[in-house]
Amino acid sequence: MRRKCNQVNQETNTVELTAIYHRPESEYAYLYKDKKIHIRIRTKKGDIESIKLHYGDPFIFMEEFYQDTKEMSKMTSDAIFDYWQIEVSVDFARIQYLFELTDTEGQSILYGDKGCVENSLENLHAIGNGFKLPYLHEIDACKVPDWVSNTVWYQIFPERFANGNARLNPEGTLDWDSSITPQSDDFFGGDLQGIIDHLDYLQYLGITGLYLCPIFESTSNHKYNTTDYFEIDRHFGDKETFRELVKQAHQRDMKIMLDAVFNHIGSQSPQWQDVVKNGEQSAYKDWFHIQQFPVTTEKLANKRDLPYHAFGFEDYMPKLNTANQKVKDYLLKVATYWIEEFDIDAWRLDVANEIDHQFWKNFRKAVLAKKPDLYILGEVWHTSQPWLNGDEFHAVMNYPLSDSIKEYFLRGVKKTDQFIDEINAQSMYYKQQISEVMFNLLDSHDTERILWTADEDVQLVKSALAFLFLQKGTPCIYYGTELALTGGPDPDCRRCMPWEHVSSDNEMLNFMKRLIKIRKHASAIIQHGKYSLKEIKQDVLALEWTYEGRVLKAIFNQSKDDYLLEKETVALASNYQELENQLVISPNGFVIFKN
């Protein structure tokens, strides 16, 4: 909500009052961790020299006014705004607060619940001017699982990762070949045993979390059209094989995240087939969003004329009515079953933004009642504040970050100052604890592979990955990235894993292993430190994290010229040279320094 600022003389005040923004009970004022409160405010870029926060208990205020005053820190800036933040603690779980903003010319105003007012003692002491967090209830706090921020994820498309049991191969299974561009209906025989067989490889790489695309009974190779949520697809294995996978992963300190496709179901499912057969008399007719009967699609000329709602007009994926109590009960039983019976650690929620908020609130309560530290990840491709208020998801797949990195490092279509502004703005989207567990990725089964995006330039891919792994959040790589697997848009991004490329001298594999090791070592600095991203020379980026006396630095040279700097100890670098007293970073090269 934008506060009115009409109580300050606009003619004599040089501050852009309409740019000032704050909202209690949001990412601008919230309970963080350990009873610490984060308070933020936004102002026009370059407008404000300093901001003081006056704060205290609202009941003590009535007798003694504000108890404390502290200087806020400018956290970051984007193209048009500065973002300020302070961390405070209070004694009685209540806080009333008011901002005092001083501009570059030394003039100051107060900003609070009644908007902008003159900076006077009377206004400072007026009880109605202060913002309030009336009581900080722990139960309302935005809580996230502690383990997630230290996890490095590896996404597996099971049908294409490894064939560990050829007896399970579907009819017409093709020979395993990573050079083949797969068609939408091709099968290559990947299965759960194939994943088990390569857990040591994943452990060697440094992976601590496995995100598996759907593994439940389905007629397709991708399994996003579920037939039975309570069964492992017969071409992937059985429940005992999956139980063994979870057990062996946990023995290696790896977490398992499954894919929940609750927005829609497969057209071959018993529920939908009953609707096809019995029409309006079907016991399942209210499980779906049916517009008219019969639900036949045989003579349909235009997919938009489907007689029922489906995922993306795909007739084989009818949309479930998650507001229906029987559907809700069924899906929540699915969600808790795989936790109770197999001890999975996380759910990734497919097409999460097309399901009603009430369902996700119930989902969160149900799954966390079974496993309090379970990670709930939503697939949302845009800014996602409505789902990240502490009562639905812990995080979403961070596609805005992915898009920015790919446009800058891989496609080269974004200017350096634009890129910095975008990254800085994104860092203020959510409460800090949410940012710490955001699922950071560059590609997936839904996108072209990053090597394809980079026009097969491995050096560009290395820079993009290095930058990704130095961002707050929990990073993920898509299977085969560490072996320079390429592929265009779906289904080409789902090629077979090139196991023949695994060797001790595979340069990309060794690079990825070192990058993961650096990320693990620097996790605390990245998650809790102060961040800086600057253009130190035209198209040369300097990234820096500082935390408790430790510093993590990296320089990315996106210019067309060599960049020279004084020699320092290098942790990981690409496309650079070490001279006697200097480092030379070539175009598209980078250096991460030892911290």
Side-chain angles (χ1 to χ4, degrees), residues 75-78 401-402 404-427 440 442 450 454 457-473 475 507-508 510-595:
M75 294 295 289
T76 193
S77 304
D78 60 22
L401 174 64
S402 171
S404 295
I405 293 175
K406 288 193 283 192
E407 287 178 359
Y408 182 66
F409 286 103
L410 304 184
R411 298 190 182 103
V413 297
K414 194 173 294 295
K415 293 180 179 177
T416 299
D417 58 346
Q418 280 182 296
F419 176 67
I420 293 172
D421 287 339
E422 285 184 14
I423 297 299
N424 288 346
Q426 290 169 19
S427 72
N440 295 343
L442 290 180
I450 48 176
D457 189 331
V458 173
Q459 178 53 46
L460 302 185
V461 168
K462 287 181 180 178
S463 292
L465 285 165
F467 189 88
L468 179 82
F469 270 67
L470 296 178
Q471 299 308 299
K472 193 186 296 289
E507 206 271 332
M508 186 64 185
N510 290 331
F511 166 83
M512 203 66 239
K513 189 172 186 287
R514 290 175 66 192
L515 181 59
I516 290 171
K517 187 176 181 180
I518 287 169
R519 167 63 193 218
K520 287 178 173 179
H521 179 68
S523 183
I525 306 176
I526 293 171
Q527 300 299 11
H528 307 299
K530 181 172 173 53
Y531 183 63
S532 169
L533 187 62
K534 294 178 180 175
E535 186 176 18
I536 53 175
K537 187 181 177 183
Q538 186 171 352
D539 297 326
V540 179
L541 269 180
L543 178 157
E544 184 174 288
W545 288 99
T546 54
Y547 178 63
E548 293 185 344
R550 295 173 65 191
V551 179
L552 174 64
K553 293 191 301 181
I555 292 178
F556 297 82
N557 182 9
Q558 293 301 111
S559 75
K560 292 180 169 59
D561 303 310
D562 288 346
Y563 180 73
L564 279 66
L565 65 159
E566 286 187 19
K567 195 169 184 178
E568 292 184 54
T569 307
V570 174
L572 181 63
S574 189
N575 222 24
Y576 87 115
Q577 277 184 290
E578 287 193 36
L579 304 180
E580 188 176 349
N581 296 310
Q582 284 185 316
L583 292 176
V584 181
I585 308 176
S586 301
N588 298 323
F590 71 88
V591 173
I592 301 173
F593 299 98
K594 280 194 175 176
N595 62 79

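Here the structure is a predicted model, which is why all the values come from computation and not from measurement.
Going from atom CG of Asp417 over to atom CG of Asp539 covers 9.0 Å, rounded to the nearest 0.5 Å. A distance of 11.0 Å separates CD1 in Ile405 from OG in Ser463, rounded to the nearest 0.5 Å. Atoms CG and CG, from Leu468 and Leu515 in turn, are 8.5 Å apart once rounded to the nearest 0.5 Å. To the nearest 0.5 Å, atoms OG1 (Thr76) and CG (Asp421) are separated by 8.5 Å. With rounding to the nearest 0.5 Å, the separation of CE in Met75 from OG in Ser532 is 11.5 Å. Rounding to the nearest 0.5 Å places CG of Asp562 at 7.5 Å from CG of Asn557.
Under the side chain to side chain donor-acceptor pair (under 3.5 Å) criterion, Gln582 pairs with no residue, sequence neighbours left out.
Between Ile585 and Tyr576, the shortest heavy-atom contact is CA-CB, 4.2 Å. Taking both residues in full, the closest heavy atoms of Ile423 and Tyr531 are given as CG2-OH, 3.9 Å, listed atom of the first, atom of the second, then distance. In terms of heavy atoms, Pro587 sits closest to Ser559 at CB-O, 3.3 Å. Taking all atoms of both residues into account, the shortest heavy-atom contact from Ile420 to Leu533 is CG2-O, 3.5 Å. When all heavy atoms of Ala454 and Val461 are compared, the pair lying nearest together is CB-CG2, 3.9 Å. Nearest heavy-atom pair across Leu410 and Ala464 is CD2-CB, 3.9 Å.
Formation of a donor-acceptor pair under 3.5 Å by the Asn588 side chain with backbone atoms of Leu460 is not found in this model. Side chain of Arg519 to backbone of Ala466: no donor-acceptor contact under 3.5 angstrom is found. Of the possible polar contacts, one joining the Trp545 side chain to the Leu470 backbone as a donor-acceptor pair under 3.5 Å is found. A donor-acceptor pair is defined here as one N or O able to donate and one able to accept, closer than 3.5 Å; such a pair exists between the side chain of Gln527 and the backbone of Gly473. Remark: the backbone N or O of Glu544 is not paired with any side-chain donor or acceptor of Lys553 at under 3.5 angstrom. With hydrogens and angles disregarded, no donor-acceptor distance shorter than 3.5 Å links the side chain of Gln471 to the backbone of Asn440. Looking at Asn510, its side chain never comes within 3.5 Å of a backbone N or O of Arg514 through a donor-acceptor pair. Counting only distance, with no hydrogens or angles, the side chain of Lys406 and the backbone of Leu442 share a donor-acceptor pair below 3.5 Å.
Within the 4.5 Å cutoff, the side chain of Gln459 has heavy atoms near those of the Phe590 side chain. Using a 4.5 Å heavy-atom cutoff, the side chains of Val591 and Leu565 are not in contact. Looking at heavy atoms from C-beta onward, Ile555 lies in side-chain contact with Phe593 at the 4.5 angstrom threshold.
Residue-environment remark: NZ (Lys594) stays at or below the threshold of 12 foreign heavy atoms within 6.0 Å. Remark: Lys520 NZ is packed, more than 12 non-hydrogen atoms of other residues, nucleotides or ligands lying under 6.0 Å away. Within a 6.0 Å radius of CD in Glu568, other residues, nucleotides and ligands contribute more than 12 heavy atoms.
Seen from the ring of Phe511, Lys462 counts as a face-on cation partner, given the 6.0 Å and 45° thresholds.
Side-chain contact check for Ser404 and Gln426: at least one donor-acceptor pair (N or O, by modelled atom type) lies under 3.5 Å. No donor-acceptor contact under 3.5 angstrom links the side chains of Tyr408 and Gln418, judged on distance only.
Between Phe419 and Phe556, the distance from one ring center to the other does not fall under 6.0 angstrom.
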| request: For Phe469 and Ile592, run side chain to side chain contact (heavy atoms under 4.5 Å, CB included): C-alpha distance rounded to whole Å, both residues' side-chain angles, the deciding distance at 0.1 Å, then the answer. | output: CA-CA 11 Å; Phe469 270 67; Ile592 301 173; over 6 Å; no
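Of the charged side-chain nitrogens involved, none lies within less than 4.0 Å of a carboxylate oxygen, so that Lys415 and Glu535 do not count as a salt-bridged pair.
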